Protein chains: 2
Amino acid sequence: MTTSRAEARRLTEQRILDAARRLFGEQGYDRTTIRAIAAAANSDAGLVMRYFGSKEKLFAQVATIPADGPITGSPAEIAKLLTAGLTDKLADEPTAALAALRSIFTHPEAGVEVRAAMTRQQQQVAAQLPGDDAVLRAALIGAITLGTVIGRHLIHLEGLATATPEDITAAIEPLLSHLIQGTPTTTP
Amino acid sequence: MTTSRAEARRLTEQRILDAARRLFGEQGYDRTTIRAIAAAANSDAGLVMRYFGSKEKLFAQVATIPADGPITGSPAEIAKLLTAGLTDKLADEPTAALAALRSIFTHPEAGVEVRAAMTRQQQQVAAQLPGDDAVLRAALIGAITLGTVIGRHLIHLEGLATATPEDITAAIEPLLSHLIQGTPTTTP
DNA sequence: GTCTATAAAGTGATAGAC
DNA sequence: GTCTATCACTTTATAGAC
């Protein structure tokens with residue numbers, strides 16, 4: 001039971017980070033108080049401030065959207081990468097991302113974080129899609145992903161909250177493929 | 001210039017409601033203060049409280065999701081109704097809905113409001129879809145709608161924010177049709 | 001009908017005792 | 001290293017003057 005002072009500090013710091021991620025994800029930035037975080041981490045508000053400087057900085061440290069890997073290749077490969085990424089996002093609660101996601105509409109910094117992550121992926125995808133409405137279709141791919149993740153993890157929509165990630169992805173895959181290939185203008 | 005007292009009151013009340021709808025829609029519930037609403041309505045905080053009782057009640061009055069008409073008929077008719085509804089939601093900023101939408105993740109009451117509206121439509125649609133995964137597909141229709149509206153009005157995603165509602169709907173229509181008809185299990 | 005003054009409670013942040 | 005006490009500020013909500 002020899003916890004050095006430095007190690008003890010590292011541990012409390014970690015407990016605070018975990019509690020902050022969880023609470024920010026559950027209630028959003030504004031409704032989560034430093035006091036509540038401290039209490040959940042079995043610590044106190046003073047320490048939280050001392051370690052992380054401000055509520056804002058603590059939020060920035062725990063509310064991050066993990067960047068997806070590069071999305072490139074043939075249309076079929078792109079489809080595969082996108083569905084794989086979606087399955088990931090649906091599988092286990094992405095705690096850090098949820099913290100950013102939940103605050104996206106009310107906290108400016110969370111907004112730019114999510115927007116940046118989405119734009120990053122969208123531009124990457126759009127560059128490889130055929131057709132002159134590639135940007136719109138890439139945006140729709142992002143919108144579908146966003147709507148599905150929100151529907152499952154934040155709104156808990158019946159049908160999305162309970163189904164397995166594989167079932168959901170299977171139902172979405174054809175939609176993504178359609179968007180990737182582009183709409184051939186069929187003459188009526 | 002004969003504005004009776006009753007009429008004057010009605011006018012200020014309306015100004016307050018308009019300002020509240022706008023500010024709640026722009027900043028969400030928590031970040032919008034009664035003082036700010038009063039200022040935007042050229043009134044004062046005391047009056048706002050006097051007229052509406054509490055911030056909560058004022059929010060409940062202005063943050064509502066307008067119910068869509070009944071969605072029923074043949075698969076083709078359902079598709080038509082859904083795309084028409086989507087075009088509406090994309091056309092002009094749905095101020096009242098945005099107020100509820102922006103607070104959906106941080107304000108409990110806004111959450112149930114949006115969730116109720118989505119579940120209502122989802123159950124209606126699911127009941128008319130073929131296949132044993134009808135609930136999931138109906139949920140996906142809702143998720144796509146939600147993601148698209150959010151991407152356009154709240155995140156202002158490149159490609160979604162600028163395109164015309166008709167262009168967006170045209171790109172989404174085939175996806176909805178696919179979900180409505182159900183995935184015939186094609187043997188490979 | 002309208003607005004000022006203030007109460008009561010909670011917030012992020014700081015200083016300093018242990 | 002940890003925690004208590006407190007500051008300075010903002011919030012909703014209320015009472016009452018004009």
Side-chain angles (χ1 to χ4, degrees), chain A residues 1-24 26-63 99 102-103 106-110, chain B residues 1-24 26-63 99 102-103 106-110:
Chain A
M1 214 34 125
T2 56
T3 47
S4 72
R5 288 165 94 89
E7 189 179 357
R9 154 139 190 180
R10 210 186 50 75
L11 286 174
T12 21
E13 225 169 85
Q14 192 55 49
R15 283 206 318 278
I16 293 173
L17 284 171
D18 290 343
R21 224 184 323 264
R22 186 171 63 80
L23 289 177
F24 280 137
E26 285 173 7
Q27 313 178 332
Y29 181 85
D30 288 315
R31 286 175 123 88
T32 301
T33 68
I34 291 209
R35 285 166 164 81
I37 294 173
N42 272 90
S43 182
D44 79 304
L47 264 198
V48 175
M49 292 299 303
R50 185 165 237 294
Y51 289 170
F52 300 96
S54 75
K55 181 183 179 181
E56 197 71 44
K57 287 179 189 164
L58 175 57
F59 180 76
Q61 255 188 61
V62 298
R102 187 176 290 275
S103 308
T106 45
H107 189 68
E109 194 168 330
Chain B
M1 213 35 119
T2 55
T3 47
S4 73
R5 286 166 95 89
E7 188 178 359
R9 152 141 190 179
R10 210 186 51 76
L11 287 175
T12 5
E13 226 170 84
Q14 193 54 50
R15 283 205 319 276
I16 292 173
L17 284 172
D18 290 343
R21 224 183 324 264
R22 186 171 62 80
L23 288 177
F24 280 138
E26 286 173 5
Q27 314 178 332
Y29 181 85
D30 288 316
R31 286 177 123 87
T32 301
T33 68
I34 292 210
R35 286 168 163 79
I37 293 173
N42 272 90
S43 180
D44 79 304
L47 263 198
V48 175
M49 292 298 303
R50 185 163 236 294
Y51 289 169
F52 299 97
S54 74
K55 182 184 177 180
E56 197 71 43
K57 287 179 189 163
L58 176 57
F59 180 76
Q61 257 189 59
V62 298
R102 185 174 292 274
S103 307
T106 45
H107 189 68
E109 194 169 330

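Every value quoted in this text rests on a predicted model; they were computed, and no experiment measured them. Naming: A, B, ... by sequence-line order, numbering from 1 per chain.
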Over all atoms of both residues, closest heavy-atom pair of B:Arg22 and B:Ala40: NH2-CB, 3.8 Å
Send over the distance from B:Arg9 CZ to C:dC3 P, rounded to a whole Å. 13 Å
d(CZ, B:Arg50; P, C:dT2) in whole Å: 10 Å
Whole-Å distance between D:dT2 P and A:Glu7 CD? 12 Å
Test: A:Lys55 cationic atom under 6.0 Å from A:Tyr29 six-membered ring centre, within 45° of axis: yes
Could you identify which residues of residues 29-49 of chain A place a heavy atom less than 4.0 Å from some atom of DNA chain C, listed by residue number, or say none? A:Thr32, A:Thr33, A:Ile34, A:Arg35, A:Met49
Any side-chain N or O of A:Tyr51 below 4.0 angstrom from OP1/OP2 of D:dG1? no
Spacing between A:Leu58 atom CG and C:dG12 atom C1', to the nearest angstrom: 13 Å
Please state how far atom NZ in B:Lys55 lies from atom P in C:dG10, giving the value in whole angstrom units. 15 Å
Please give me the minimum heavy-atom distance between B:Asp44 and B:Ala38, naming the atom from each residue. C-CB, 3.2 Å
When the distance from CZ of B:Phe52 to P of C:dT2 is rounded to whole Å, what number comes out? 12 Å
Indicate the atoms forming the closest heavy-atom contact of B:Arg31 with B:Gln27, along with that distance. O-OE1, 3.3 Å
Hey, is the main chain of B:Glu26 close enough, under 3.5 Å, to the side chain of B:Arg102 for a donor-acceptor pair? yes
For B:Arg15 and B:Ala41, indicate whether the former's side chain and the latter's backbone hold a donor-acceptor pair under 3.5 Å. yes
Counting only side-chain N and O atoms of B:Thr12, is one of them less than 4.0 Å from OP1 or OP2 of C:dT2? yes
Please report, rounded to the nearest Å, how far the P atom of C:dG1 is from the CZ atom of B:Arg15. 14 Å
